[in-house]
**Q** 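The structure's right below; bear with me while I get my questions together.
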Amino acid sequence: MNYIKTVCQDIYDSVIKSAEKTQAPVAYITLNISKDFPFTNEQIIQEFDKFKWNTGLSTADLIVEIDASLESNSYKVIEIQQFKDDE
C-alpha cells in the first residue's frame, strides 16, 4: 500500500471508531498536515474520496489545513463533526 493510501486508512480508522460510538453520520473531518507534507490538500481529498466510497463515511467531507506546528511529514485528525438534527 502506498503512503497516501496508508494516510487515508489511518483517517478512516480513527474517524469510524468515533462515529460508531455515537451512531450519527459524519459530516466533516478536519485533518491538519505539516507544511512539508508530501501531498497537496487536493491529492489527499481526492484519494480519501475514493477510499471512503460506499463506506460508513461516504457522506463525510474532508477538510485539510496546514499546521506549521506539526512535526515534519506528519498529520493529525483534529475534528470530527457529525450531522446535526434540526429539531
Side-chain angles (χ1 to χ4, degrees):
M1 187 180 293
N2 67 27
Y3 186 56
I4 195 164
K5 290 184 184 201
T6 301
V7 170
C8 291
Q9 182 71 55
D10 287 347
I11 296 167
Y12 179 86
D13 290 345
S14 66
V15 173
I16 202 70
K17 288 177 188 172
S18 174
E20 286 174 349
K21 290 177 188 172
T22 62
Q23 297 183 341
V26 175
Y28 300 100
I29 303 163
T30 303
L31 178 75
N32 279 8
I33 59 172
S34 61
K35 61 184 178 181
D36 65 342
F37 202 68
F39 306 105
T40 66
N41 298 16
E42 294 79 21
Q43 288 173 314
I44 299 166
I45 291 168
Q46 286 177 352
E47 190 64 33
F48 189 71
D49 283 348
K50 289 187 255 179
F51 191 86
K52 70 175 182 161
W53 182 256
N54 215 14
T55 72
L57 296 181
S58 61
T59 59
D61 288 328
L62 183 64
I63 301 165
V64 180
E65 299 173 344
I66 295 174
D67 182 346
S69 69
L70 286 178
E71 291 183 29
S72 180
N73 193 29
S74 63
Y75 58 94
K76 182 178 181 179
V77 173
I78 60 162
E79 186 175 19
I80 301 166
Q81 294 179 9
Q82 297 169 326
F83 284 104
K84 302 219 185 323
D85 192 357
D86 289 338
E87 291 183 32

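Starting from 1, each residue takes its place in the sequence as its number. Remember, predicted model here, so these are calculated numbers, not experimental data. We use all heavy atoms of the structure for the numbers below, so side chains are in, but hydrogens, waters and symmetry mates are not.
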**Q** Any idea which heavy atoms bring S14 and V77 closest together, and the distance?
**A**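 In terms of heavy atoms, the two residues are closest at OG-CG2, 3.7 Å.
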**Q** Any sub-3.5 Å donor-acceptor pair from S58's side-chain atoms to N54's backbone N or O?
**A**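 No: the side chain of S58 does not pair with the backbone of N54.
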**Q** To the closest 0.5 Å, what do you measure between CD (Q43) and CD (Q46)?
**A**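 The CD atom of Q46 is 7.5 Å from CD of Q43, to the nearest 0.5 Å.
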**Q** Quick one: do F39 and Y75 end up in the same hydrophobic cluster if we chain Ile, Leu, Val, Met, Phe, Trp and Tyr together by side-chain heavy atoms under 4.5 Å apart?
**A**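 As far as the 4.5 Å side-chain criterion goes, Y75 and F39 are connected within one cluster.
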**Q** As an exercise, state the distance from NZ of K76 to CD of E71, rounded to the nearest 0.5 Å.
**A**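 With rounding to 0.5 Å, NZ (K76) is 10.5 Å from CD (E71).
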**Q** Let me see the working for F51 and Q9 under side chain to side chain contact (heavy atoms under 4.5 Å, CB included), right down to the final yes or no.
**A** CA-CA 8 Å; F51 191 86; Q9 182 71 55; 3.0 Å; yes
**Q** Report the relative orientation of the aromatic rings in Y3 and F37; use parallel for angles under 30°, tilted for 30 to 60°, perpendicular for over 60°.
**A**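 Ring orientation of Y3 relative to F37: tilted.
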**Q** Out of curiosity, I45 CD1 to D61 CG, how far, rounded to the nearest 0.5 Å?
**A**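 It comes to 9.0 Å.
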**Q** Does L70 offer a backbone N or O that forms a donor-acceptor pair with the side chain of S34 under 3.5 Å?
**A**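 Absent.
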**Q** Any chance you could measure T6, atom OG1, to I11, atom CD1, to the nearest 0.5 Å?
**A**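 Nearest 0.5 Å value for the OG1-CD1 distance: 11.0 Å.
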**Q** Would you find a donor on one side and an acceptor on the other, under 3.5 Å apart, between the side chain of D36 and the backbone of S72?
**A**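 Side chain of D36 to backbone of S72: no pair is present.
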**Q** Considering residues at least two apart in sequence or located in another chain, which fulfil the side chain to side chain donor-acceptor pair (under 3.5 Å) criterion with D67?
**A**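 N32, S69.
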**Q** Show the nearest heavy-atom pair for residues I44 and C8, with the distance to one decimal.
**A**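 So the minimum-distance heavy-atom pair works out to O-SG, 4.4 Å.
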**Q** So which heavy atom on I29 is nearest to which on A60, and how close?
**A**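 It is CD1-CB, 3.9 Å.
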**Q** Quick one: OG1 on T30 to CG on L62, what's the gap to the nearest 0.5 Å?
**A**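 Here the rounded value is 8.0 Å.
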**Q** So among I4, L31, V7, L57, which one has a side-chain contact (heavy atoms from CB on, under 4.5 Å) with F48?
**A**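 Result: among I4, L31, V7, L57, L57 is the only option passing the side-chain contact (heavy atoms from CB on, under 4.5 Å) with F48.
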